[in-house]
Amino acid sequence: MTSFAVVITSYNYRDFVGTAVDSALAQTRAAAQVIVVDDGSGDGSADHLRERYGNDPRVTLVCGENGGQLVAFQRGVARATADVICFLDADDRWEADYLSRLGELYDGRRDVDFVFSDMQLFGDENRWMGYSERSHDLGYTAISTYMLMHWYGAPTSALSMRALWARRTLELPEELSHTWRLSADNCLVFGASVLGARKYYLRTGAVHYRIHGNNGWWGKQTATSIYLNRFRSRCLIEIYARNIGLDTRSVDNAKHEFRTKPEPSWREAKRYARMVRMRRGSWLGNLNRALSILGPVWWRGIRGGHRLTGDE
């Protein structure tokens, strides 16, 4: 069976972190490791964690100077020895069957490298958020991520990946630790895609993402913050791409990447059709390639007797 390590990173979340750790310990399929990284908190979190879990053999505490989220990820992953690493923010929690649901997939699909889930928001907001209404084998996503910066992922607490991929995504220049003090889940999501992980979206309903005054960032975005986030993400993607020799010529293989997806959505088909039309060559040839992508997905929808939407 696939073994799991849970990496929980915390900074000044003394009021929440115990709930996150307890939810990881309460899993019906037990994690081999629960690694809690306190990133130099100034609110007494480290002492609280030592008092509550210092004698619990199931929990590994890693306390150090403040370095930001990327550094905290790196510290936690460095201590992991399990097959798959799951990430959990200190202010979130999981339902008890989360690792069991993941385990069924990782056990049965050795070719899947990266799994992300939907989330139920709670606290200041209460709503469901997910990539799609149903689970999807997303196949490979390197070219789509590189060319279009498409995000095949979710916030930290709904991310998991095989340990090899976690280590590869976090092998980044030291100077990037300042850039990704926050939102370092971009490194996990973009890095895994560009470096070549096979991705799967699994709807579990088991991840609970807390919205409170310190983290409801998507409702507070400005034109400047959106630009800076996209700029930093583009630079990050380029770093991963250079490591494996990926460049714009990869668009020539977009059609082949698309074929790694067993049941692509209509939205995904339109995304890849757009990419193949970016190829050098005749516009007619590129149009035919685009139609060869769109046609089978459209026909599948017609045979299914329903109108195509983004998630179908």
Side-chain angles (χ1 to χ4, degrees), residues 4-9 20 23-24 27 69-70 72-73 76-77 84-95 97-106 109 112-123 125-142 144-145 148-162 165-166 169-170 180 182-195 197-212 215-219 221 229-230 232-233 236-237 261 265 267-268 271 310-311:
F4 290 96
V6 180
V7 173
I8 301 172
T9 56
S23 77
Q27 294 296 303
Q69 192 178 33
L70 175 56
F73 282 166
V77 168
V84 169
I85 299 176
C86 304
F87 295 87
L88 177 60
D89 277 338
D91 52 343
D92 298 335
R93 65 179 186 241
W94 295 333
E95 292 187 9
D97 65 343
Y98 178 61
L99 292 185
S100 177
R101 298 286 299 278
L102 291 181
E104 291 176 4
L105 179 58
Y106 279 113
R109 289 288 304 273
V112 170
D113 306 305
F114 181 111
V115 180
F116 64 100
S117 180
D118 58 324
M119 304 187 306
Q120 180 61 48
L121 277 55
F122 72 102
E125 296 184 38
N126 289 277
R127 60 185 174 89
W128 176 86
M129 186 171 74
Y131 187 83
S132 172
E133 293 289 340
R134 60 186 179 90
S135 299
H136 279 288
D137 181 348
L138 295 167
Y140 294 95
T141 58
S144 179
T145 298
L148 303 178
M149 289 181 59
H150 187 64
W151 169 271
Y152 293 94
T156 303
S157 297
L159 300 179
S160 67
M161 63 189 77
R162 297 194 187 272
W165 291 98
T169 62
L170 295 174
W180 296 105
L182 300 173
S183 302
D185 46 4
N186 281 274
C187 303
L188 303 174
V189 172
F190 286 136
S193 281
V194 174
L195 294 175
R198 187 182 185 105
K199 291 195 167 184
Y200 198 105
Y201 167 67
L202 180 68
R203 183 165 178 177
T204 67
V207 178
H208 293 256
Y209 185 92
R210 189 190 304 267
I211 302 297
H212 53 92
N215 75 341
W217 59 269
W218 51 68
Q221 291 195 82
N229 183 60
R230 289 188 63 82
R232 287 191 289 260
S233 296
L236 177 68
I237 288 169
K261 307 169 192 296
S265 68
R267 182 177 298 164
E268 187 82 331
R271 187 174 296 122
D311 293 329

Please check if the side chain of [X] supplies one atom and the backbone of [Y] the other of a donor-acceptor pair under 3.5 Å.
{"X": "W165", "Y": "R198", "answer": "no"}
{"X": "E95", "Y": "Q27", "answer": "no"}
{"X": "R134", "Y": "R203", "answer": "no"}
{"X": "T145", "Y": "A142", "answer": "no"}
{"X": "Q120", "Y": "V207", "answer": "no"}
{"X": "S23", "Y": "A20", "answer": "yes"}
{"X": "K199", "Y": "Y140", "answer": "no"}

Heavy atoms of other groups near R230 CZ, more than 12 under 6.0 Å:
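No, the 6.0 Å shell around CZ holds no more than 12 heavy atoms from other groups.
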Atom pair [atom1]/[atom2] of [X] and [Y] - distance to nearest 0.5 Å:
{"X": "Y200", "Y": "L105", "atom1": "OH", "atom2": "CG", "answer": "5.5 Å"}
{"X": "R271", "Y": "L148", "atom1": "CZ", "atom2": "CG", "answer": "7.5 Å"}
{"X": "D92", "Y": "R210", "atom1": "CG", "atom2": "CZ", "answer": "7.5 Å"}
{"X": "M149", "Y": "S144", "atom1": "CE", "atom2": "OG", "answer": "11.5 Å"}
{"X": "R93", "Y": "H208", "atom1": "CZ", "atom2": "NE2", "answer": "6.0 Å"}
{"X": "L70", "Y": "D185", "atom1": "CG", "atom2": "CG", "answer": "11.0 Å"}

For [X] and [Y], which heavy atoms make the closest approach, and how far apart are they?
{"X": "A154", "Y": "S117", "answer": "CB-O, 3.7 Å"}
{"X": "D97", "Y": "A206", "answer": "OD1-CB, 3.8 Å"}
{"X": "A24", "Y": "I8", "answer": "CB-CD1, 4.2 Å"}
{"X": "Y209", "Y": "P155", "answer": "CE1-CB, 3.7 Å"}
{"X": "L236", "Y": "F190", "answer": "CD2-CD1, 4.3 Å"}
{"X": "D118", "Y": "Y201", "answer": "CB-OH, 3.3 Å"}

Taking C-beta and beyond as the side chain, do [X] and [Y] meet within less than 4.5 Å on heavy atoms?
{"X": "T9", "Y": "F87", "value": "no"}
{"X": "I211", "Y": "R127", "value": "no"}
{"X": "L170", "Y": "L188", "value": "yes"}
{"X": "V77", "Y": "I85", "value": "yes"}
{"X": "W94", "Y": "T204", "value": "no"}
{"X": "V115", "Y": "R101", "value": "no"}
{"X": "Y98", "Y": "L88", "value": "no"}

Please step through side-chain contact (heavy atoms from CB on, under 4.5 Å) for the pair C187 and F73, ending with a clear verdict.
CA-CA 10 Å; C187 303; F73 282 166; over 6 Å; no
Y106 and S160: side-chain donor and acceptor closer than 3.5 Å?
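Indeed, the side chains of Y106 and S160 share at least one donor-acceptor pair under 3.5 Å.
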Show your working on side-chain contact (heavy atoms from CB on, under 4.5 Å) between T169 and F114 and close with a plain yes or no.
CA-CA 12 Å; T169 62; F114 181 111; over 6 Å; no
Run the side chain to side chain donor-acceptor pair (under 3.5 Å) test on W180 and N186 for me, step by step, so that the C-alpha distance in whole Å, both residues' side-chain angles and the decisive distance to 0.1 Å come before the verdict.
CA-CA 8 Å; W180 296 105; N186 281 274; over 6 Å; no
Using the six-membered ring wherever Trp is involved, compare the ring planes of Y152 and Y131 and label them parallel, tilted or perpendicular (cut-offs 30° and 60°).
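Taking Y131 first and then Y152, their aromatic rings sit tilted (interplane angle of 30° to 60°).
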